[in-house]
Amino acid sequence: MPHVSVADALKGTPGPDAEVTVKGWVRTRRDSKGGFSFVAVNDGSSFDSVQVVAAKELPNYAGQVMHLTAGCSVVCTGKLVRSQGKGQAFEIQASAVEVVGTVDDPDTYPISPKQHSFEYLREVAHLRPRTNTFGAVARVRHTLANAVHRFFHENGFLWVHTPIITTSDAEGAGQMFKVSTLDAANPPRTPSGTVDYAKDFFGKPASLTVSGQLDVETYCMALSKVYTFGPTFRAENSNTPRHLAEFWMIEPEVAFADLAADADLAEAFLKSIFKTLLNERPEDMKFFADRIDKGCIARLEAFVDSSFERVTYTDAIAILEKAAAGGKKFEFPVSWGMDLQTEHERYLTEEHVGRPVVVMNYPKDIKAFYMRLNDDEKTVAAMDVLAPGIGEIIGGSQREDRLDVLDRRIVEMDMDPAAYWWYRDLRRYGSVPHAGFGLGFERTIMYATGMQNVRDVIPFPRTPGHAEF
RNA sequence: UCCGCAGUAGCUCAAUGGUAGAGCAUCCGGCUGUUAACCGGAAUGUUGUAGGUUCGAGUCCUACCUGCGGAGCCA
């Protein structure tokens with residue numbers, strides 16, 4: 001019998017009255033003393049489960065089918081027919097229900113068919129993909145990841161696998177996790193008593209990457225349009241619904257591009273992946289709209305349809321100052337030179353513009369060393385994309401391509417030029433203007449689904465004190 | 001890391017300082033082409049941990065642990 005996915009069975013793809021086999025896990029069982037049971041079987045291929053009608057004539061009906069509980073794994077074979085009941089177009093009239101795996105102790109099976117709190121489900125993260133919400137999150141996460149690759153592929157970008165382990169100095173992006181094979185209790189020492197990293201695996205201190213940007217710039221300076229999409233690590237003691245110690249980041253980099261082109265790319269990119277999501281996961285998105293965040297579909301549709309406003313940082317400050325003068329209350333006072341707080345970002349995108357806005361040309365003192373210094377010598381060619389409902393969703397910049405200016409900035413920021421010798425080489429050998437941006441993948445999923453906690457949009461969240469599973 | 005709130009049955013939650021309960025899940029029975037079905041019954045507890053106050057503590061106090069929210073850091 002051909003094995004079909006639950007998704008295909010529900011759509012009736014194999015055709016009416018086809019003999020099919022579905023394989024999956026029981027969600028619920030409802031009995032009829034008319035002599036049959038309804039078994040909802042889900043295999044993750046779709047949000048909905050398929051209804052398997054199992055009659056008492058089955059040899060294992062009383063012995064096994066009647067004892068099926070949530071979580072049991074089954075292989076069900078039978079005829080795919082139009083359903084007599086409401087709620088599904090097709091169902092399976094079973095000729096055989098093979099119980100592959102039973103549930104050890106149904107009394108304590110952690111995933112009962114009733115609603116659970118997300119906090120509780122994090123404690124059983126190995127079983128939570130069996131719930132409606134986490135199945136939907138997994139499918140949306142996959143679809144968005146796939147849409148990211150498709151967008152870049154179709155636009156001539158190459159996916160570059162930048163290293164996870166790095167010996168580069170931190171570029172100011174945060175605390176790094178150390179990677180070492182030294183005996184922590186008794187490390188080799190130099191004569192002066194410090195740990196002798198020359199004897200470590202890599203011969204020098206190594207860490208997990210906080211960003212692939214510097215590495216991907218090297219490939220950009222040869223292959224023109226490139227991107228990274230992989231895990232990144234921050235050893236910050238952040239305990240918020242928006243931070244993870246291990247998260248996935250998307251970082252494109254384009255040669256012969258300036259800040260305006262970078263903003264255009266960010267706009268086209270976000271619209272593309274959200275459009276793909278709306279097109280390809282309507283059932284899951286309907287679930288999020290029904291149960292998680294009522295406005296999530298309308299928000300994405302508006303996002304896809306609206307053009308992004310562009311405004312300079314200096315103009316943004318003027319707008320905020322005017323708003324404050326007009327009676328708008330901000331917790332943090334507005335002045336040129338400060339970094340925009342969440343409340344400011346939200347005012348700009350939600351109240352002032354009412355759609356996504358790109359803020360460009362920030363003061364150099366609040367941005368990273370590699371961002372291109374503008375002619376005014378006060379600002380750098382940096383941009384943030386702000387979106388209604390979330391604030392900053394993308395941060396990017398045109399990179400400093402002039403060696404002398406880059407060196408000046410490195411020294412200004414009290415960093416060691418020698419440590420960036422290969423990054424500087426890019427400016428010595430055929431340097432070109434180039435630009436890129438970074439996007440936190442989990443935050444993108446949160447924005448799309450309305451899920452409120454970043455720990456619930458990644459399969460196994462890593463946060464301070466937590467690396468279970 | 002700082003501030004605040006919370007921790008009671010497998011899950012979600014009740015319980016004036018005075019006998020620890022309900023719904024769901026589970027098990028048994030009934031009923032029905034059922035739809036997170038419905039009806040009846042049963043079983044289910046070191047009230048986060050350790051101290052303290054009290055005749056008596058789930059309830060009040062202290063410390064710790066854990067979770068959540070906010071802030072900072074940021075993606």
Side-chain angles (χ1 to χ4, degrees), chain A residues 27-40 42 48-55 66-71 81-88 91 93 103-124 127-128 131-132 170 172-175 209-213 231-251 291 331-332 339-343 345 366-368 384-385 390-396 437-447 452-458 463-466 468:
Chain A
R27 285 290 177 85
T28 61
R29 188 194 87 237
R30 295 179 296 276
D31 302 320
S32 165
K33 276 299 183 296
F36 40 87
S37 296
F38 301 98
V39 184
N42 191 288
D48 291 311
S49 304
V50 68
Q51 175 160 287
V52 174
V53 185
M66 285 293 284
H67 297 286
L68 286 174
T69 57
V81 300
R82 294 203 175 273
S83 179
Q84 300 171 34
K86 296 189 179 82
Q88 60 281 318
E91 65 188 16
Q93 292 284 352
V103 167
D104 232 21
D105 179 10
D107 197 38
T108 58
Y109 179 61
I111 311 293
S112 66
K114 284 287 174 183
Q115 200 154 39
H116 299 287
S117 67
F118 291 146
E119 294 82 5
Y120 165 71
L121 288 170
R122 275 171 222 147
E123 295 169 11
V124 287
L127 297 172
R128 67 180 183 169
T131 64
N132 283 338
Q175 285 294 310
T209 183
V210 293
S211 163
Q213 183 201 314
T232 47
F233 307 85
R234 304 279 167 90
E236 301 282 358
N237 189 11
S238 297
N239 293 288
T240 84
R242 298 174 304 283
H243 290 84
L244 291 167
E246 176 181 302
F247 64 100
W248 285 60
M249 194 151 62
I250 298 152
E251 296 172 290
R291 304 296 290 271
E331 191 185 337
F332 294 89
D339 207 354
L340 298 182
Q341 300 291 320
T342 300
E343 58 174 345
E345 296 178 342
I366 59 172
K367 290 294 181 182
D384 283 347
V385 178
I390 191 168
E392 182 183 338
I393 188 167
I394 277 183
F437 61 78
L439 170 73
F441 187 49
E442 282 74 20
R443 290 189 182 172
T444 309
I445 301 170
M446 291 170 72
Y447 180 70
Q452 293 291 299
N453 196 308
V454 72
R455 301 174 184 108
D456 298 326
V457 297
I458 190 167
T463 53
H466 296 279
E468 199 59 68

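Numbered from 1 within each chain, the chains take letters A, B, ... in sequence-line order.
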When the [atom1] atoms of [N] and [M] are considered, how many whole Å apart are they?
N: B:rG18; M: B:rA71; atom1: C1'; answer: 43 Å
N: B:rG45; M: B:rA22; atom1: P; answer: 14 Å
N: B:rU8; M: B:rC13; atom1: P; answer: 9 Å
N: B:rG4; M: B:rA63; atom1: P; answer: 12 Å
N: B:rU16; M: B:rC60; atom1: C1'; answer: 13 Å
N: B:rA20; M: B:rG56; atom1: C1'; answer: 15 Å
N: B:rA57; M: B:rU47; atom1: P; answer: 12 Å

In whole angstroms, how far is the C1' atom of B:rU12 from the CD1 atom of A:Ile111? 14 Å
From NE2 of A:His243 over to C1' of B:rC2, roughly how many Å is that when rounded to an integer?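 Rounded to the whole Å, the gap is 15 Å.
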Measuring from atom [atom1] of [X] to atom [atom2] of [Y], what distance do you get when rounded to the nearest 0.5 angstrom?
X: A:Asn42; Y: A:Thr131; atom1: CG; atom2: OG1; value: 10.0 Å
X: A:Phe441; Y: A:Thr232; atom1: CZ; atom2: OG1; value: 12.0 Å
X: A:Asn453; Y: A:Arg122; atom1: CG; atom2: CZ; value: 4.0 Å

Please report the closest heavy-atom contact between A:Gln51 and A:Phe38, naming both atoms and the distance. NE2-CD2, 3.3 Å
Any idea which heavy atoms bring A:Asp384 and A:Gly396 closest together, and the distance?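 Scanning both residues completely, I find the closest heavy atoms to be OD1-N, 4.5 Å.
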Please name the residue in the list A:Met249, A:Arg234, A:Gln175 that meets the side chain to side chain contact (heavy atoms under 4.5 Å, CB included) test with A:Val210.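 Output: one option passes, namely A:Arg234.
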Sugar-phosphate only, base, or nothing, as touched by A:Leu244 at under 4.0 Å among non-hydrogen atoms: base
Counting any heavy atom closer than 4.0 Å, what does A:Phe247 reach on the DNA or RNA strands: base, sugar-phosphate only, or nothing? base
How does each nucleotide of nucleotides 21-36 of chain B score, in 5' to 3' order, for protein heavy atoms under 4.0 Å: base (B), sugar-phosphate only (S), or none (-)? ---SBBSS--BBBBBB
If we ignore hydrogens and angles and just use 3.5 Å, is the side chain of A:Glu442 paired with the main-chain N or O of A:Trp248 as donor and acceptor?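 Answer holds: yes.
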Between the main-chain N or O of A:Pro231 and the side-chain N or O of A:Glu246, is there a donor-acceptor pair closer than 3.5 Å? no
Closest listed nucleotide, where the reference is the side chain of A:His116 and the choices are B:rC74, B:rC11, B:rU12: B:rC11
State, with a plain yes or no, whether a side-chain heavy atom of A:Thr463 is found less than 4.5 Å away from one of A:Leu244.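 In short, these two side chains touch, coming nearer than 4.5 Å.
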Side chain to side chain, A:Met446 and A:Val454, heavy atoms closer than 4.5 Å: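 Side-chain contact under 4.5 Å: yes.
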Return the polar atom pairs (N/O with N/O) between nucleotides 65-71 of chain B and the protein under 3.5 Å, or none.
unit_1 : atom_1 : unit_2   : atom_2 : d
B:rG67 : OP1    : A:His466 : ND1    : 3.3
B:rG67 : OP1    : A:His466 : NE2    : 2.0
B:rC68 : OP1    : A:Arg122 : NH1    : 2.3
B:rG69 : OP1    : A:Asn453 : ND2    : 3.4

Before you tell me yes or no, could you show the steps for A:Gln88 and A:Asp48 under side-chain contact (heavy atoms from CB on, under 4.5 Å), namely the whole-Å CA-CA distance, both residues' side-chain angles and the distance that decides it to 0.1 Å? CA-CA 9 Å; A:Gln88 60 281 318; A:Asp48 291 311; over 6 Å; no
Show me, range against range, the stems involving RNA chain B, built from at least 3 consecutive Watson-Crick or G-U pairs below 3.5 Å.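 The stems are B:1-7 with B:65-71, B:10-13 with B:21-24, B:26-30 with B:38-42, B:48-52 with B:60-64.
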Take atom CG of A:Asp104 as the centre, draw a 6.0 Å sphere, and report whether it contains more than 12 heavy atoms from other residues, nucleotides or ligands.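 Open: at most 12 neighbouring heavy atoms sit under 6.0 Å from CG of A:Asp104.
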